[in-house]
Number of protein chains: 2
Amino acid sequence: MGNSRMTAREIARLAGVSVATVSRVWNGVGQVSEETRRRVLEAIEAHGYRPDHLGKALAAGRHNAVGLVFPGLSGPYFSELIQGFESEAVQSRASVHILCTHLREDSDDQVIEMARRVDGITVLGGTISDDAVRRLADMVPVVMLAGSGPDQVPAVRAENTAAMAELTRHLLVEHGLRNLAFVGNPDGSPDVSERWAGFRAAHDELGLPPPAPPIRVGLQQPDGVYAAERLLERGTVPPAIVCANDETALGALVGVLGRGLRVPRDVVITGFDDVPMSALVSPPLTTVRQPIRELAAEAARRLLTTVADPAAASPEHTVLPTTVVIRGSCGCPVGPNP
Amino acid sequence: MGNSRMTAREIARLAGVSVATVSRVWNGVGQVSEETRRRVLEAIEAHGYRPDHLGKALAAGRHNAVGLVFPGLSGPYFSELIQGFESEAVQSRASVHILCTHLREDSDDQVIEMARRVDGITVLGGTISDDAVRRLADMVPVVMLAGSGPDQVPAVRAENTAAMAELTRHLLVEHGLRNLAFVGNPDGSPDVSERWAGFRAAHDELGLPPPAPPIRVGLQQPDGVYAAERLLERGTVPPAIVCANDETALGALVGVLGRGLRVPRDVVITGFDDVPMSALVSPPLTTVRQPIRELAAEAARRLLTTVADPAAASPEHTVLPTTVVIRGSCGCPVGPNP
DNA sequence: ATGGTTCCTGTAACCGGTTACCGTCAACCG
DNA sequence: CGGTTGACGGTAACCGGTTACAGGAACCAT
């Protein structure tokens, strides 16, 4: 029966040694005779002693914890990110503190507060102001995830622009579609901003007039339903709805099908992210695959590396590759292995 | 410009007082003359001093942090839970540690590890073994959320059984349906177990033969798609698919519609939870509304109360009410306000 | 003048670890 | 046999706060 009230001094008393020796035995550092080590280990074992985290942290000046700041847990994308980050952190025996800003105004203060309790923080792009990120980076190592902050702050993100441009070209060239509608708010998140840029770039490159302004909605499934409604009630149905992410695309699909339209026959829909559901709907969603979990894991690794060795810090951006995944919703024939 | 390296002793030196006085001024306790207080506050202000958490925690024997343990972040249900918990904890200025077990085997140890870093833990039902919960409860206050653990451990959950019985009766009596299929694994989570119990109870009460065994799948949207496929490939389409939660119901809806069947005409589908998407699909989903966020917030409140005053602990279960929400997917006419 | 209050503030111990430094002792060498 | 060496382990300072206790000054009543 291990009493968690056991302290190193108590163990020292029981084993007839000093606290220093207990610490040495537990951490396996310094010189301790076999006989003494045995006595100490016995006492530790007998009373289930485990060193207190606070004492350790205070002495070491390290918390062995990292923080993750995100706007909210909307949909599979954020869920995957958080799980990827958490897995990696836990593997390194660091505990994970979360702060969900819900885009509150006072979240900047709360982030600063968090910085005092962890060794490093990963911030999802678009969550807090660049100014807050800078203040944060003055206190602890910071890694931006899926988006970027001020220039000096390292970031891990996926390639958005080129992939979205490629997908858009596919619709414009392969399928000969025009007047594509874009669903997503470029000012809402760095990811959407880049995807919108890729969307426009594809039009530019092909010498086409710039696309219509985006339907500015959020990134959740209900937002996609709403966007579809807004597009359809305009009278003329757009030939294709290019969504900023899969969740809005799935929402748009639901909304479009609910109006009795057929996809891709009456309207084409594409997404971005390749969440598991996208391969399962019918028609399966043409989208862009990005390694969401790996993205977050990489952010965690870079953060932990920097924490362990501040000299290893570099403001470099890690950009993970993405690939266009052609399925049925763009009008391509659905293969046996979608 | 606040240097976070400032310590109370440094401030004391600068203000020409002792550390004790700095502490008294910061915490507003004890007697301090107006003149001294002013000098100290000036020094604090000038150097942006904020007391270190570790020192505070070590002295107070309190971490001012709570933990949340959950199996994984699958879908809006868990997302809502986590956000509800986090909001409430942050309001009480407690930081939130998360542990995502992913149903790993070594998660019991990691939970114990977490217990050494927080003042209390909330565990989602079905995440870790009852034995681990007991060991945990010996170390820190524990509140179970959405499910229950060992008897002595307090829990916060929603009413599942009666609501599912009511919904099932609605299908059996109002719509005269028979041979309902249940989708969900009763052994996978306490929630599903209770819902399955309510499903069976409704059959019992009406003197009907017990329902067919459940289609044992997970709780995510793709699981619903898979379940629908399994049900449909049996040849005879069941008149109704009663899903353990909305996400599988939405998945089943996608799967069924993808096969060219119509809902509710060819097959009825119901869910449980009432996630936002459920009101938006067509037909809108008949389901049971449970106050997910409020559930988690209540768990956080009970945990924080117990942490603040261990004498306030009670093994009582808080059960929040649920309500059946009739929409179109069960065959009822869809009103203007679904 | 003296003893008792009251108000303010400093000293030092404490929370629970880590670790620099130093003393002890046995072994070994010249 | 004195001196050097190296293994071992204890003492105490330190991390950054909180707080019990005590001491000193000012004031009041006797």
Side-chain angles (χ1 to χ4, degrees), chain A residues 2-44 47-65 93 113 115-119 139, chain B residues 2-44 47-65 93 113 115-119 139:
Chain A
N3 190 340
S4 69
R5 306 281 171 75
M6 269 297 152
T7 71
R9 297 185 213 265
E10 190 66 6
I11 293 293
R13 202 179 54 73
L14 290 162
V17 298
S18 74
V19 278
T21 302
V22 173
S23 176
R24 277 189 280 257
V25 169
W26 179 264
N27 294 105
V29 300
Q31 305 274 14
V32 181
S33 74
E34 206 41 58
E35 155 66 11
T36 308
R37 173 185 311 280
R38 199 188 44 69
R39 276 217 318 283
V40 173
L41 283 176
E42 259 170 25
I44 286 177
H47 300 86
Y49 165 76
R50 290 290 178 284
D52 177 79
H53 269 293
L54 289 174
K56 254 181 138 65
L58 186 57
R62 265 194 67 172
H63 301 261
N64 248 295
R93 315 200 62 68
E113 180 69 8
R116 313 180 50 75
R117 296 165 160 265
V118 297
D119 302 316
M139 304 175 67
Chain B
N3 190 340
S4 69
R5 306 281 171 75
M6 269 297 152
T7 70
R9 297 185 215 266
E10 190 67 7
I11 294 294
R13 202 179 55 73
L14 290 162
V17 298
S18 74
V19 278
T21 301
V22 172
S23 177
R24 278 189 280 257
V25 168
W26 180 263
N27 295 105
V29 298
Q31 306 273 16
V32 181
S33 75
E34 206 39 58
E35 156 66 12
T36 307
R37 173 184 312 279
R38 199 187 46 70
R39 277 218 317 284
V40 173
L41 284 177
E42 258 170 24
I44 286 178
H47 299 86
Y49 164 75
R50 292 288 178 284
D52 178 77
H53 270 293
L54 289 172
K56 257 182 136 66
L58 186 57
R62 268 193 64 170
H63 301 261
N64 247 296
R93 315 201 62 71
E113 180 69 9
R116 313 179 50 75
R117 295 165 161 265
V118 298
D119 301 316
M139 304 175 68

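Letters A, B, ... are given to chains in the order of the sequence lines, protein chains preceding strands, and every chain is numbered from 1. What you are looking at is a predicted structure, and each value in this text was computed from that prediction instead of being measured.
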In chain order, what residues pass the side-chain contact (heavy atoms from CB on, under 4.5 Å) check against B:E34, with sequence neighbours excluded?
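Expected list: B:R37.
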By a strict heavy-atom criterion of less than 4.0 Å, which residues belonging to residues 13-30 of chain B are in contact with DNA chain D?
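Those residues are B:A20, B:S23, B:N27.
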Measure the NZ-CG distance between A:K56 and A:N64 for me, rounded to the nearest 0.5 Å.
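Those atoms lie 9.0 Å apart.
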Distance from B:E113 atom CD to A:R50 atom CZ, nearest 0.5 Å?
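Reported to 0.5 Å precision, the distance equals 9.0 Å.
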Indicate yes or no for a side-chain donor-acceptor contact from A:H63 to the backbone of A:R117 under 3.5 Å, with no hydrogens or angles considered.
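Here the side-chain-to-backbone pair exists.
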Anything under 3.5 Å between a protein N or O and an N or O of nucleotides 22-27 of chain D, put it in a table, one pair a line.
none

Can you give me every donor-acceptor pair (side chain of residues 9-27 of chain A, partner residue at least two apart or in another chain, under 3.5 Å) with its distance?
from	atom 1	to	atom 2	distance (Å)
A:E10	OE2	A:R13	NH2	2.9
A:S18	OG	A:A20	N	3.4

To the nearest Å, give me how far apart CG (B:L58) and C1' (D:dT19) are.
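B:L58 atom CG is separated from D:dT19 atom C1' by 14 Å.
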Check every nucleotide of DNA chain C for an atom under 4.0 Å from a heavy-atom of chain B, then give the first and the last such nucleotide from 5' to 3'.
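Counting from the 5' end, contacts occupy C:dC8 to C:dG16.
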Got a sec, which residues hit side chain to side chain donor-acceptor pair (under 3.5 Å) with B:E35, two or more places apart in sequence or on another chain?
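With neighbours one apart ignored, the set is B:R38, B:R39.
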So which heavy atom on B:P51 is nearest to which on A:R116, and how close?
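Nearest pair, atom of B:P51 first, then A:R116: O-NH2, 3.0 Å.
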